[in-house]
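Presented below is the structure to which this report refers.
All chains are named by letter (A, B, ...) in the order of the sequence lines, taking the proteins before the strands, and each is independently numbered beginning at 1.
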Number of protein chains: 2
Amino acid sequence: MKKRAAKRLDYEKELRRQGVRITRQRSAILGILSETEDHPDALEIFRRAVAVDPSISLSTVYRTMKLLGDIGAIHRHAFEGGPSRFEHATDHHDHLIDIETGDVIEFKSDKIEQLQDEIAKSLGYDIVHHRLELYGRKRRTG
Amino acid sequence: MKKRAAKRLDYEKELRRQGVRITRQRSAILGILSETEDHPDALEIFRRAVAVDPSISLSTVYRTMKLLGDIGAIHRHAFEGGPSRFEHATDHHDHLIDIETGDVIEFKSDKIEQLQDEIAKSLGYDIVHHRLELYGRKRRTG
DNA sequence: AATGCAATTGCAAATCGTTTGCAACTGGTG
DNA sequence: CACCAGTTGCAAACGATTTGCAATTGCATT
Ligand SMILES: [Mn+2]
Ligand SMILES: [Mn+2]
Ligand SMILES: [Zn+2]
Ligand SMILES: [Zn+2]
């Protein structure tokens, strides 16, 4: 899954456009989000943010994730068991979670996406969003 | 989605087989689960159970759902936003959730199931379980 | 650069769904 | 019908997230 790193400035630009203030704390979080390629949870983002701005609070991380989610700059995933995990918004894709390591692997299937649309349509619905998560374990190549 | 109602006695038999006691509270819950065709949450099961046995507690509902889940007699779903919802175990199927009414519609696609397997395999994984949820709104037939 | 004020913050407390410790109770076997 | 491990109700604890509030700060305005 190729992912173009969103630029911190892209985020800030979008925030300003929405009349939202760029605070020191938000800059720190945006910096972290823009350069991360994984799916960290709020606490992990908080830990990374503290390294940049020790005064930041977990509340602010949560509030910022909420804000960014609302404007569509990030996506929130509630994988089984754990807390919500975040990633900067990119093209839609789904996830395979390694149930032994917790690793998250991204994938995309146009066929599945299309079948979903057909199923929804046949039931009289339009899909607004969906969630497809595969939980598996690495096949031991014996 | 055709669903054969599980019999309360099926549940009890399985529980006894596992050396688990059939208490008044468990009977009440099993009765409710065996005759429900929807996806109630713990609180709703509790409400229905109280009507049968006023002494039952919410804790016992949760403990019983855990127990039944562990032996595979029921399935637990964590749909977006709300609390866990339960249904008695039947053949695998996935869900379409009406984001306006909360209604849950069941569906099954062998094609999607197969594509999932192929994707996992191509990534070097075996699927242990998965979650596919479509969130949509009723198409207005205008 | 100084002012003004609504937006934002950190903190603590609240919330929600769920789990758990514990003393009292009870199913089911002998 | 006695026994006792399994089960219960209750209240308190839990983990993730949200919220009220008084203090702070971004930034548009002079
Ligand atoms: Mn992703
Ligand atoms: Mn179902
Ligand atoms: Zn998808
Ligand atoms: Zn499925």
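Closest to the side chain of I22(B), out of dG9(D), dG28(C), dT17(D), is dG28(C). In the set dT18(D), dT25(D), dG9(D), the nucleotide with an atom closest to the side chain of R63(B) is dG9(D). Nearest to the side-chain atoms of V20(A) among the listed nucleotides dT8(C), dT17(D), dT8(D) stands dT8(C). Taking only side-chain atoms of Q25(B), from C-beta outward, the nucleotide of dG10(C), dT17(D), dG9(D) with the closest atom is dG9(D).
Taking the six-membered ring where the residue is Trp, F79(B) and H77(B) present parallel rings, their angle staying beneath 30° rather than reaching 60°. The aromatic rings of Y135(B) and H129(A) lie parallel to each other, with less than 30° between the two planes, well short of the 60° mark.
Checked by atom type and distance alone, the side chain of T64(B) pairs as donor or acceptor with a backbone atom of T60(B) at under 3.5 Å.
Dashed line: the shortest gap from a side-chain N or O of R26(A) to OP1 or OP2 of dT9(C) is under 4.0 Å. For the pair Y62(A) and dT17(D), the criterion of a side-chain N or O lying under 4.0 Å from OP1 or OP2 is met. Dashed line: the shortest gap from a side-chain N or O of S84(A) to OP1 or OP2 of dT17(D) is under 4.0 Å.
Atom CG of D70(A) and atom P of dT18(D) are 10 Å apart (whole Å). dC11(C) atom C1' lies 12 Å from atom CG of L58(A), rounded to whole Å. Nucleotide dT18(C) holds its C1' atom 9 Å from the CZ atom of R76(B), rounded to whole Å. Spacing between atom CG of L30(B) and atom P of dT7(D) amounts to 13 Å, rounded to whole angstrom units. Distance R21(B) CZ to dA5(D) P: 10 Å, rounded to the nearest Å. To the nearest angstrom, P of dT8(D) lies 10 Å from CZ of R24(B). One atom, CZ of R85(A), and another, P of dT17(D), lie 12 Å apart when rounded to the nearest Å. Counting to the nearest Å, the P atom of dT18(C) and the CE atom of M65(B) are 11 Å from each other.
Where P83(B) and T23(A) each meet DNA chain C at their nearest nucleotide, the meeting point lying more 5' is that of T23(A).
R24(B) and S55(B) form a side-chain donor-acceptor contact under 3.5 Å, judged by distance and modelled atom types alone.
Remark: the S59(B) side chain and the dA12(D) base include no donor-acceptor N/O pair separated by less than 3.5 Å.
For the pair L30(B)/L68(B), a side-chain contact is recorded, criterion being any heavy-atom separation below 4.5 Å from C-beta on.
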